[in-house]
Amino acid sequence: PYVAAASLSRRVRQIVAANPWLTSVLERDPDSGLMEAYYHQPSPKPCFEVRADILLASGAAYDEMVRIVDPVVCKTSDASLGTGERLWRVCLIPDADEPDGRFAL
C-alpha cells in the first residue's frame with residue numbers, strides 16, 4: 001500500500017490544485033446566519049492520509065466496516081458545520097490482516 005500511497009498522494013495534490021474548493025470547510029455567516037464555505041489558503045489539513053490506526057480487515061461484516069471507518073468518512077454538511085472538518089479527503093487504510101498487501105480507500 002505504500003507504493004499506492006505515494007501515487008495517490010501526488011494525484012490528490014493535483015486534484016486539489018485543480019479544484020481548491022475541495023479544501024473547504026463549512027461555517028455559518030455571522031451576518032446572515034446562512035451556511036457558507038470557507039477555503040483555507042493553504043489548507044492546514046491534508047486531503048490525503050494513510051490511516052494505519054484504523055483496524056479494518058477485508059473479512060469484516062458490512063455493519064462492522066461502517067463502524068470502523070466512521071472516523072474517516074466525511075460527514076454531512078449539517079454535521080460538518082462549524083467543526084473545521086473538511087468536506088473532501090482520501091484515506092488509505094491498510095488491511096489489518098494483510099497490511100503489506102491490501103488496502104481500502
Side-chain angles (χ1 to χ4, degrees):
Y2 299 101
V3 172
S7 178
L8 285 166
S9 180
R10 281 190 304 276
R11 185 64 182 132
V12 167
R13 282 193 306 274
Q14 292 170 338
I15 291 167
V16 168
N19 302 278
W21 60 269
L22 290 172
T23 67
S24 64
V25 297
L26 294 176
E27 302 292 342
R28 192 164 301 282
D29 182 279
D31 297 324
S32 68
L34 298 175
M35 191 182 298
E36 64 178 1
Y38 173 72
Y39 308 96
H40 294 286
Q41 298 294 332
S43 177
K45 295 181 180 179
C47 283
F48 176 78
E49 297 177 276
V50 175
R51 295 293 304 265
D53 60 309
I54 305 292
L55 300 177
L56 177 66
S58 61
Y62 182 78
D63 290 346
E64 179 184 13
M65 196 179 312
V66 169
R67 180 185 55 76
I68 292 169
V69 300
D70 184 67
V72 295
V73 172
C74 292
K75 307 303 180 221
T76 64
S77 296
D78 287 338
S80 298
L81 182 63
T83 66
E85 288 297 316
R86 68 175 61 260
L87 300 177
W88 184 82
R89 67 176 169 224
V90 176
C91 295
L92 184 146
I93 303 169
D95 187 299
D97 291 337
E98 196 179 326
D100 293 328
R102 296 188 300 215
F103 60 89
L105 288 176

At what distance, to the nearest 0.5 angstrom, does CG of L92 lie from CZ of F48?
5.0 Å
I'd like to check the side chain to side chain contact (heavy atoms under 4.5 Å, CB included) partners of I15; sequence neighbours left out, ordered by chain and number.
R11, N19, L22, W88
Taking all non-hydrogen atoms of both residues, which atom of R86 and which atom of C74 are closest, and how far apart?
O-SG, 4.2 Å
Donor-acceptor pairs are to be reported for all side-chain atoms of residues 96-105 against protein atoms at under 3.5 Å, with residues two or more places apart or in another chain.
residue: R102; atom: NE; partner: D95; partner atom: OD2; Å: 3.2
residue: R102; atom: NH2; partner: S58; partner atom: OG; Å: 3.0
residue: R102; atom: NH2; partner: D95; partner atom: OD2; Å: 3.4

List, by chain and then residue number, the residues other than V73 in its hydrophobic cluster (Ile/Leu/Val/Met/Phe/Trp/Tyr, side-chain heavy atoms under 4.5 Å); write none if there are no others.
I54, L56, M65, I68, V69, V72, I93
Applying salt bridge (charged side-chain N to carboxylate O under 4.0 Å, His left out), name anything that partners D63, two or more places apart in sequence or on another chain.
none
Under a single-linkage definition using a 4.5 Å side-chain heavy-atom cutoff for Ile, Leu, Val, Met, Phe, Trp and Tyr, are W21 and V90 assigned to the same hydrophobic cluster?
yes
Between the main-chain N or O of A6 and the side-chain N or O of S9, is there a donor-acceptor pair closer than 3.5 Å?
no
Is the backbone N or O of P20 less than 3.5 Å from a side-chain atom of T23, with the two atoms forming a donor-acceptor pair by type?
yes
Side chains of R89 and E49: closer than 4.5 Å at any heavy-atom pair?
yes
Please table the atom pairs, donor to acceptor, closer than 3.5 Å between any side-chain atom in residues 25-33 and protein atoms at least two apart or in another chain.
residue: R28; atom: NH1; partner: G33; partner atom: O; Å: 2.7
residue: D29; atom: OD1; partner: D31; partner atom: N; Å: 2.8
residue: D29; atom: OD1; partner: S32; partner atom: N; Å: 2.7
residue: D29; atom: OD1; partner: S32; partner atom: OG; Å: 3.3
residue: S32; atom: OG; partner: L34; partner atom: N; Å: 3.1

Not counting sequence neighbours, which residues clear side chain to side chain contact (heavy atoms under 4.5 Å, CB included) with T76? List them please.
D78, A79
